[in-house]
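Only this structure's heavy atoms are used, side chains among them; waters, hydrogens and symmetry mates stay out. This structure is a prediction, so every number in the text was calculated from the model and none was measured.
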Amino acid sequence: MLESCVTYSVLPASDLARATAWFRDKLELEPESTSEQGVRFKTGTESRIYVYETANAGTAQNTAMCWLVDDIEAAMEHLRGRGVVFADYDFPGLKTENGIATDSEGKSAWFQDSEGNYLCLTQPAQPM
């Protein structure tokens, strides 16, 4: 039943105005719709991100969402130019070089939004 349904990401924000500005200014995403409860952004063809205000924002220590990109280095360079900071990791099972982790599945790079949510860019080894 769900295999043909479109999905969207839901991200918490402790300050909705700050989060909205960050997604607009850093990631160049314009709000598709806004309400007192949250803001929805469109990415890609059918993808959406819904950002809503809650005191629980930034408490998860896991990756909340990823973008699939064709050229991770170019995407990172563009985002770095807009002030996005990529994380560096060096522990068993995950080591980055210049912010990029590489394995048999492809390349990935992580960064945090203004609310502390972990976001990711992924360049798959094989086209999806």
Side-chain angles (χ1 to χ4, degrees):
M1 176 177 156
L2 298 179
E3 68 274 5
S4 62
C5 296
V6 174
T7 62
Y8 67 96
S9 298
V10 179
L11 297 174
S14 57
D15 183 323
L16 189 57
R18 177 180 62 208
T20 301
W22 191 90
F23 275 86
R24 184 184 58 246
D25 298 342
K26 302 292 186 192
L27 304 186
E28 302 175 282
L29 299 176
E30 288 298 324
E32 181 180 58
S33 67
T34 61
S35 70
E36 288 182 23
Q37 293 77 34
V39 177
R40 187 174 63 215
F41 298 91
K42 180 180 180 188
T43 68
T45 341
E46 297 185 46
S47 301
R48 303 289 189 278
I49 303 166
Y50 182 71
V51 180
Y52 72 101
E53 197 157 15
T54 175
N56 297 325
T59 59
Q61 298 300 302
N62 58 284
T63 304
M65 65 171 290
C66 277
W67 279 271
L68 297 175
V69 297
D70 293 326
D71 184 341
I72 196 166
E73 287 88 356
M76 290 174 70
E77 181 179 337
H78 181 80
L79 291 175
R80 281 180 171 141
R82 301 191 65 77
V84 173
V85 176
F86 288 86
D88 276 309
Y89 299 105
D90 187 4
F91 52 85
L94 182 65
K95 179 170 176 46
T96 57
E97 292 184 31
N98 195 29
I100 299 173
T102 304
D103 63 18
S104 62
E105 298 293 317
K107 299 176 181 179
S108 295
W110 292 265
F111 59 98
Q112 286 182 284
D113 68 11
S114 63
E115 307 308 296
N117 298 304
Y118 287 87
L119 310 177
C120 173
L121 302 178
T122 297
Q123 179 182 330
Q126 302 296 319
M128 297 194 84

Task: side chain to side chain contact (heavy atoms under 4.5 Å, CB included) between Leu11 and Phe23, intermediate numbers included - done: CA-CA 11 Å; Leu11 297 174; Phe23 275 86; 3.7 Å; yes
- [ ] Take Trp67 and Thr122 through the test side-chain hydrogen bond (donor to acceptor under 3.5 Å, both in side chains) and record every step on the way to the result.
- [x] CA-CA 6 Å; Trp67 279 271; Thr122 297; over 6 Å; no
- [ ] Would you give the length of the straight line joining atom OH of Tyr89 to atom OG1 of Thr96, rounded to the nearest 0.5 angstrom?
- [x] 8.0 Å
Task: Verify same cluster id: Leu68, Phe41 (apolar side-chain graph, 4.5 Å) - done: no
Task: Same apolar cluster: Leu29 and Val84, side chain cutoff 4.5 Å - done: yes
Open item on the list: When you compare the side chain of Tyr8 with that of Tyr50, does any pair of heavy atoms fall below 4.5 Å?
Closed with: yes
Open item on the list: Quick check against the 3.5 Å criterion: does Asp90 have a side-chain atom that pairs as donor or acceptor with the backbone of Lys95?
Closed with: no
Open item on the list: Please determine whether side chain to side chain contact (heavy atoms under 4.5 Å, CB included) holds for the pair Ile49 and Thr43, giving the CA-CA distance in whole Å, both sets of side-chain angles, and the decisive distance to 0.1 Å.
Closed with: CA-CA 8 Å; Ile49 303 166; Thr43 68; 3.9 Å; yes
- [ ] For side chain to side chain contact (heavy atoms under 4.5 Å, CB included), just list the numbers for Gln123 and Asp70, CA-CA rounded to whole Å, side-chain angles, deciding distance to a tenth of an Å, and then say yes or no.
- [x] CA-CA 6 Å; Gln123 179 182 330; Asp70 293 326; over 6 Å; no
- [ ] Check whether more than 12 heavy atoms from other residues, nucleotides or ligands sit under 6.0 Å from atom CD of Glu36, and answer yes or no.
- [x] no
TODO: Nearest 0.5 Å please: distance from the CD1 atom of Ile100 over to the CG atom of Leu121.
DONE: 9.0 Å
Task: Glu32/Arg48 ion pair, N-O < 4.0 Å - done: yes
- [ ] Using the rule that two of Ile, Leu, Val, Met, Phe, Trp, Tyr join whenever any of their side-chain heavy atoms come within less than 4.5 Å, decide whether Tyr52 and Met65 are in one cluster.
- [x] no
Open item on the list: Would the distance check show the side chain of Asp103 and the main-chain N or O of Gly106 forming a donor-acceptor pair, the cut-off being under 3.5 Å?
Closed with: yes
- [ ] Quick one: which residue pairs count as a salt bridge (Lys or Arg N to Asp or Glu O under 4.0 Å) with a foot in residues 105-117, not counting sequence neighbours?
- [x] Arg18-Glu115, Glu73-Lys107
